[in-house]
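To start, the structure itself, in structure tokens.
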Amino acid sequence: MTIRLLALVLTVLLTAATGAAAPAQPQSGGAAVVALGGDPETLNLGITTGYAVGAVAASIYSGLVWIDARGDFQPDLATAWTVSPDQLTYTFTLRQNVKWHDGRPFGAADVKYTMDEITGKHHGRFRTAYANFESVSVRSPTQVVIRLRRPYAPLLRLLTVFDSPILARHLYEGQDPTRSPRNNEPVGTGPFKFREWARGDRVVLERNPDYWNPVYLDRLIFRIIPNAALRVTALEVGEVDQVMDFYLPKTDVDRLRRNPAIRIRLGQPIPSMGFLFINTRRAPLDNVKVRQALAMAINRVQIVTQAMGNLARPARGPFGDGFRWAFSPEADYNRLYPLSVERANALLDEAGVLRGAGGERPVRLRLVYDSARAPLVAAAAIIRDNLRAVGITVELQPMDRAVMIERVYTRADYEITLQTFTSGGDPAIGYHRIYASAPPGTPFVNATGYSNAEVDRLLQQAAEVADQTARSRLYAEVGKILARDVPTLVLFDEIGVDAARTSLRGVWTGAEARDRWDAVWIQK
Amino acid sequence: MAAAVGPGRGGSEFWRRFRASRPGVAGLGLVILLAATALAAPLVAPHDPHATSLVTLAAPGAPGHPLGTDNLGRDIASGVLWGSRASLVVGVCAAATAIFLGVVIGAVAGFYGGWVDALLSRVTELFQVIPRFVLALLVVALFGGGLGKLILVIGVLSWPQAARVVRGQFLALRGAAYVDAARVLGLRDTRIIFSEILPNVLAPVVVIASLDVAGAILLEASLGFFGLGDPNLISWGLMLNNAQAYLRQAWWMSVFPGLAISLAVLGFNLLGDGLNDAANPRLDA
């Protein structure tokens with residue numbers, strides 16, 4: 001009886017407590033401080049994909065759309081858009097009465113100018129989308145039409161402020177956008193206006209009172225703190241309100257998790273993965289059975305727990321599980337390649353690489369990796385140990401990043417190598433280049449020598465079809481081939497981590513921690 | 001400079017004086033311990049030092065892991081035992097390289113004198129003023145840190161001390177009566193250098209060799225600490241490098257390899273002291 005009463009009291013108290021914590025009214029005023037690891041190279045987001053540039057400039061400029069924390073598209077400068085049935089014509093209706101920070105009106109001509117003259121020519125990722133463009137045309141001051149030469153499924157993804165920020169035509173026309181003085185004193189349409197940039201110290205932005213949504217912070221300050229440990233300390237003592245994934249040392253995450261004044265967001269919604277590339281040009285790795293044996297011998301769970309500190313998920317297939325619609329049970333590593341020393345041994349025996357007198361097989365694999373990345377250093381030691389259990393000798397070859405890129409991509413002089421790739425928001429943007437046939441020589445594209453016409457055809461189709469069900473089917477089909485052939489073994493899906501002080505409210509409504517600072521406010 | 005403790009005549013005398021030197025005996029004990037560990041590592045190590053396990057960051061005293069485990073569940077005790085091999089091999093071979101170079105260069109400079117001496121002495125000084133560690137760091141970072149390369153780099157950067165001592169001895173001895181006698185007999189220069197004079201300068205060279213081993217072990221560990229060792233070997237320096245990120249969570253990852261490095265370096269330094277005491281009795285008192 002007493003216990004029941006106690007339970008009742010507890011329930012009431014708990015309900016009251018959660019009730020108190022329920023959405024409070026946003027408060028205006030104050031300044032939020034965000035840590036950066038280094039100065040942005042410029043504040044023109046239209047000519048670079050630099051991380052720090054995006055962190056600052058995403059609040060100054062706007063894109064046509066933004067992507068929310070669930071991964072859905074939301075209206076930014078475009079309030080509505082329609083796609084023609086043949087997937088070739090995209091019509092955008094623009095937001096009305098938007099003003100540039102200098103007071104001039106924003107319009108469709110700015111969109112066309114930016115895409116044709118700035119981002120289409122100079123932006124690393126948007127350029128690849130622009131290559132599929134037939135034209136960008138202004139139908140009215142509030143309507144823009146993009147016509148494509150061939151369907152390009154990830155187009156909308158590349159219209160966010162990070163890939164396609166819209167710049168002011170009246171400020172850039174007739175200039176080289178890479179050298180404009182405007183790049184240091186940017187004028188945009190975003191929630192914050194540029195105020196000052198003290199290099200090596202801070203960038204200060206202030207509220208744009210004319211923004212279409214309410215903006216709560218008076219100022220948004222980016223502090224440049226190159227030392228990773230100091231960035232975390234600054235967050236812990238409250239000098240800094242947020243450290244984004246890119247700038248957060250993972251070894252400190254456990255400690256931050258236990259700090260009640262700090263909130264952690266796990267699982268950055270832009271998937272990225274860790275890979276083991278297998279050089280299929282070299283015997284005996286040209287034998288698919290040997291590659292499949294590697295897949296069964298390498299302990300992906302151990303890599304995730306010990307090398308990644310559990311900030312990853314063991315990989316499930318050639319495209320990971322970050323895009324649920326691109327994941328197919330038929331390509332599921334857990335089914336195809338469960339950890340099994342016996343089956344790996346059997347496959348190696350079948351492939352004819354038999355154990356010698358000492359129990360070792362005549363296979364010596366050089367494992368190349370970037371020596372500066374602690375998780376890869378640990379993963380390499382695990383893989384060496386895993387493969388030794390099946391009689392394969394691994395020689396660790398850690399090296400400087402620049403040397404590593406030359407060895408792996410330019411010269412393909414390796415047997416296996418550890419690499420990480422970001423999807424960029426769509427498998428077609430980030431992952432196709434790993435599997436599609438390509439001659440050696442270009443950094444960060446297929447370095448395994450794997451070439452399969454059927455795979456190339458399916459990937460090409462998957463990039464062109466916009467319908468997600470149809471894409472799903474294509475990825476299932478290509479995933480099945482890639483999972484069977486294992487030119488690269490995916491090791492893990494990364495889980496990003498952002499950290500912020502709990503007093504900072506309304507954070508992370510966007511997929512990117514760098515986005516949507518208009519919604520952020522400070523609890524006093 | 002106390003020149004000759006003649007070889008044959010002074011052998012037992014040398015050993016008697018060495019035994020009287022307490023640091024020397026202690027050093028010899030540590031060096032023998034190190035050598036025994038290196039030889040017996042496969043027999044006494046409880047685990048394969050490369051073997052990972054799911055028992056991560058176990059504290060010392062955990063079942064089967066007397067000194068605990070690291071972030072990948074590797075046994076620290078086994079790492080410390082196996083690490084003695086890399087340290088000893090690099091230390092002895094690098095010191096041998098340094099002594100070989102130093103003796104040849106010092107002997108030639110001291111024996112011939114004149115412009116040969118002037119030239120070689122300048123080269124020696126050049127190598128002496130180069131910050132050894134920074135250069136080693138640079139070379140290993142550029143060309144990789146395999147065992148052979150480490151030995152070569154450390155050896156090549158460590159010869160000047162031996163060269164200077166040997167040169168001094170040769171300068172003093174080249175006018176000695178027995179050298180003149182050898183010349184009159186028409187012996188070739190190489191024969192005079194290596195068979196007549198060299199045996200008389202070996203005592204200080206042995207002292208330097210011992211100190212060089214200590215220096216080489218320390219340098220190898222420092223390079224490993226900066227992540228520039230060969231990860232395919234078990235090395236105390238690399239264990240320390242790996243331990244950096246876990247200082248706050250797992251002290252045993254750094255303390256035990258650190259202790260091993262200290263003992264090895266101390267051993268060879270003390271041995272050098274003892275040998276020096278035995279070789280230069282006049283410095284006593």
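Since the model is a prediction, treat every value here as computed from it, not as a measurement. Lettering of chains follows the sequences in order, A, B, ..., and the numbering in each one begins at 1.
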Study note, to complete from the structure: Closest non-hydrogen contact found for A:A381 with B:R74 is CB-NH1, 3.6 Å
**Study point:** Most contacts with chain B, counted as non-hydrogen pairs under 4.5 angstrom, among A:R388, A:Q397, A:M399
**Key:** A:R388
Review point. Do other residues, nucleotides or ligands put more than 12 heavy atoms under 6.0 Å from the CZ atom of B:F143?
Key: no
Point to revise | Distance-only side-chain donor-acceptor flag, B:H50 / A:R384, under 3.5 Å | key: yes
Check your understanding: Between CD1 of A:I382 and OG1 of B:T52, what distance do you get to the nearest 0.5 Å?
Key -> 6.0 Å
Exercise for review: Below 4.5 Å from any heavy atom of chain B, which atoms of A:V377 appear? Answer side chain, backbone, both or neither.
Suggested key: neither
Exercise for review: Give a yes or no on this: more than 12 heavy atoms of other residues, nucleotides or ligands lie within 6.0 Å of atom CZ of B:F133.
Suggested key: yes
Review point. Of the backbone (N, CA, C, O) and the side chain (C-beta and beyond), which part of B:D48 lies under 4.5 Å from a heavy atom of chain A, both, or neither?
Key: side chain
Exercise for review: Using a cut-off of 6.0 Å, state whether more than 12 heavy atoms not belonging to A:R313 lie near its atom CZ.
Suggested key: yes
Exercise for review: Locate the shortest heavy-atom distance separating A:Q306 from B:T56; write the atom from each residue and the value.
Suggested key: NE2-CG2, 3.0 Å
**Study point:** Within 6.0 Å of CZ in A:R281, more than 12 heavy atoms from elsewhere
**Key:** yes
**Study point:** Point-to-point distance, once rounded to the nearest 0.5 Å, from OG1 of A:T305 to CG of B:L72
**Key:** 9.5 Å
